[in-house]
Amino acid sequence: MATTSSRRAARAIGQEGAGREITGPEGVGLTDTGGEDVGHGGLGRDDPGGTIGDSGDGGTREGGRSRTRARTRTRTRRRIAIAIAVCAAVVGGTYGGMALKHHGDGRRPGPAAAPSLQTTLVQRADLSDSTTLSGTLGYGTATTVKGAGKGLITRLPASGSTVTRGKPLYWVDDQPVALLVGDTPVFRTLDSAAVKAGVSGTDVTVLADNLQALGYDIGPRSTTPRSTTGAQQSGGTRLTQSLLDALKRWQRDTGREQTGELAVGDVVVLPGAVRVNATKAQPGDPVAEDILTVTSLHKSVTVTVGAADAALIHKKDKVSLTLPDTTRATGTVTAIGTTVQGGQGDDDTSGTSAPPSLQVTVVPQDTASIRKLDAGSVQVTFTTRTRHNVLTVPVGALLALQEGGYALQRPDGHLVAVKTGLFAKGQVEISGSGIEEGQTVVTAS
């Protein structure tokens with residue numbers, strides 16, 4: 001293609017340079033070789049002397065012809081140089097275009113390589129399954145304290161305050177009503193007449209236990225076995241005069257009236273020290289009504305667990321807690337309810353049957369994060385099942401077989417059937433003939 005273009009360019013220049021006869025004003029025949037102007041009177045631009053065109057001087061005419069031929073040769077050489085430049089431009093453009101084409105071809109991506117297989121190792125590890133449920137952090141279920149006896153309430157404790165054994169819980173007729181720890185309330189008057197009657201029982205046991213815990217000498221202690229014949233007398237500690245004397249000393253030490261007897265309403269018996277949750281009564285109200293609510297001193301988390309899932313949770317199980325500020329703490333399961341809530345016939349607020357559930361109580365470890373919270377919603381993670389020292393692979397390594405079951409694929413494409421066990425945290429327990437720790441298998445993730 002470059003040769004043809006060069007020939008065409010040379011031919012055009014040759015045709016343009018073909019001589020044409022031009023007759024001058026004095027009859028001199030000149031050849032037009034480049035379109036140079038031939039001036040009036042036969043003078044050209046290359047004739048500085050103005051001697052051309054003198055028809056009377058033969059020598060002068062001959063000299064003019066020589067100069068004309070010289071100019072012709074000079075112009076011809078110029079045209080040849082131009083032709084060579086044109087050919088070079090054409091050839092350069094052709095090869096330049098080919099070079100650009102090859103350069104562009106070099107930038108084109110080649111065919112994609114076959115994707116490489118992702119592999120993983122069969123590992124031996126402990127595998128645990130867990131369940132995370134929402135719970136409520138607080139001081140547990142509040143208990144209502146109801147007064148007894150006669151009189152008016154004259155003073156109440158502040159909400160959030162703590163009341164321990166022997167300390168006043170509230171005041172009636174300006175007399176403190178103290179907290180005793182136990183499980184049986186005082187339901188009768190314990191006095192000298194009761195000593196003479198040989199009274200004994202669990203209420204006397206509560207009085208004796210608390211006076212001893214407060215550091216008072218109650219004298220010799222005797223107990224009566226519980227009757228198996230249905231008689232009124234019940235088992236427990238026998239009331240003695242030495243016990244009533246210890247009671248009188250305690251009344252003196254705590255600013256009470258020293259009567260040496262204990263009547264209904266003089267004390268409140270609760271399972272332990274308490275935190276005042278809220279007051280219900282007001283000063284001046286009769287004592288024989290709901291006075292206040294109390295809770296445990298210790299914080300706990302209450303979790304509603306499905307009845308079926310509760311079978312996987314046990315007392316003393318360790319749990320993980322995520323607090324509202326995302327900090328973590330640990331806790332221990334301390335109680336699992338035995339009363340099933342919900343189920344058939346027990347509708348929730350939407351009118352549909354609530355699933356059967358149980359209440360599980362978790363006591364958190366005492367940490368700074370727990371201490372600064374009185375209440376809040378927390379996430380509780382229970383470890384429900386654990387498999388120790390088993391072979392595991394990522395779940396993505398399992399291949400479902402058309403005939404049922406699962407298999408693992410080796411890098412050479414060979415399939416090995418496996419049995420699956422516990423699935424947990426993206427891993428699966430496996431077993432089967434030919435499966436060993438450290439083997440390489442194909443995985444999708």
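Values in this document were obtained by computation on a predicted structure and should not be read as measured data. Positions are given from 1 along the sequence.
Considering every non-hydrogen atom in both P411 and T119, the closest pair reads CG-CG2, 4.4 Å. Scanning all heavy atoms of the two residues, the minimum distance from P324 to L373 falls at CD-CD1, 3.9 Å. Here the shortest heavy-atom pairing between Q212 and R221 reads OE1-NH1, 2.9 Å. Smallest separation of non-hydrogen atoms from G151 and D173: CA-OD2, 3.4 Å. In plain terms, the two heavy atoms of A194 and T189 that are nearest each other are CB-O, 4.1 Å. Shown here for F187 and V264, the closest heavy-atom pair between the two residues is C-CG2, 3.5 Å.
Within 6.0 Å of CG on D183 lie no more than 12 heavy atoms contributed by other residues, nucleotides or ligands. Surrounding CD of Q402 are at most 12 heavy atoms belonging to other residues, nucleotides or ligands under 6.0 Å away. By the 6.0 Å contact criterion, CZ on R124 is enclosed, its count of non-hydrogen atoms from other residues, nucleotides or ligands being greater than 12. Counting heavy atoms of neighbouring residues, nucleotides and ligands inside a 6.0 Å radius, atom OH of Y216 exceeds 12 of them.
The shortest distance between side-chain heavy atoms of V186 and V206 does not fall below 4.5 Å. L297 places a side-chain heavy atom less than 4.5 Å from the side chain of T162. Counting heavy atoms from C-beta on, the side chains of T240 and P220 never come closer than 4.5 Å. Using a 4.5 Å heavy-atom cutoff, the side chains of R256 and P176 are in contact. Side-chain contact check for T295 versus T293: every heavy-atom pair is 4.5 Å or farther apart. For the pair L211 and W250, the minimum side-chain heavy-atom distance is below 4.5 Å. Taking 4.5 Å as the limit, every side-chain heavy atom of D266 sits out of range of all side-chain heavy atoms of Q251. Counting heavy atoms from C-beta on, the side chains of S200 and T223 never come closer than 4.5 Å.
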Quick one: do I291 and T279 satisfy side-chain contact (heavy atoms from CB on, under 4.5 Å)? Show the steps, please.
-> CA-CA 6 Å; I291 300 175; T279 57; over 6 Å; no

Under the side-chain contact (heavy atoms from CB on, under 4.5 Å) rule, what do R328 and T322 come out as? Steps first, then yes or no, please.
-> CA-CA 5 Å; R328 293 184 176 276; T322 303; 3.1 Å; yes

Determine, step by step, whether T202 and T184 satisfy the side chain to side chain donor-acceptor pair (under 3.5 Å) criterion, reporting the C-alpha distance in whole Å, the side-chain angles of both residues, the deciding distance to 0.1 Å, and the verdict.
-> CA-CA 6 Å; T202 55; T184 302; 3.3 Å; yes

Stepwise side-chain contact (heavy atoms from CB on, under 4.5 Å) check, V303 with F382 = CA-CA 11 Å; V303 188; F382 297 90; 4.1 Å; yes

Could you go through the side chain to side chain donor-acceptor pair (under 3.5 Å) check for S369 and T367 one step at a time?
-> CA-CA 5 Å; S369 297; T367 64; 4.7 Å; no

Chi angles and distances behind the side-chain contact (heavy atoms from CB on, under 4.5 Å) call for V333, V360 = CA-CA 7 Å; V333 176; V360 174; 3.9 Å; yes

Derivation and outcome, side chain to side chain donor-acceptor pair (under 3.5 Å), residues K248 and T259 = CA-CA 6 Å; K248 190 173 183 179; T259 61; over 6 Å; no

Is there a side chain to side chain donor-acceptor pair (under 3.5 Å) between T330 and Q365 once you walk through the steps?
-> CA-CA 6 Å; T330 59; Q365 181 180 1; 2.7 Å; yes

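With hydrogens and angles disregarded, a donor-acceptor distance shorter than 3.5 Å links the side chain of K299 to the backbone of R371. Under the 3.5 Å distance criterion, the side-chain polar atoms of N210 are left unmatched by any main-chain donor or acceptor of G166. Between the side chain of D126 and the main chain of N389, a donor-acceptor pair closer than 3.5 Å is present. With Q439 contributing its side chain and G434 its backbone, the two residues share a donor-acceptor pair below 3.5 Å. No donor-acceptor pair under 3.5 Å is formed between the side chain of T386 and the backbone N or O of S128.
With I430 as reference, V393 is the one residue of V393, V390, T392, V441 to meet the side chain to side chain contact (heavy atoms under 4.5 Å, CB included) rule.
In this structure, I370 CD1 and H298 NE2 are separated by 14.0 Å, a value rounded to the nearest 0.5 Å. To the nearest 0.5 angstrom, T327 atom OG1 is 9.5 Å from L321 atom CG. The OG1 atom of T164 lies 15.5 Å from the CZ atom of R275; values are rounded to the nearest 0.5 Å. In this structure, L243 CG and L207 CG are separated by 4.5 Å, a value rounded to the nearest 0.5 Å. Rounding to the nearest 0.5 Å places CZ of R387 at 9.0 Å from CG of L127. With values rounded to the nearest 0.5 angstrom, L247 atom CG is found 9.5 Å from R249 atom CZ.
Using modelled atom types, one finds a donor on one side chain and an acceptor on the other under 3.5 Å when comparing S134 with Q379. Between the side chains of K318 and T332, at least one donor N or O lies within less than 3.5 Å of an accepting N or O.
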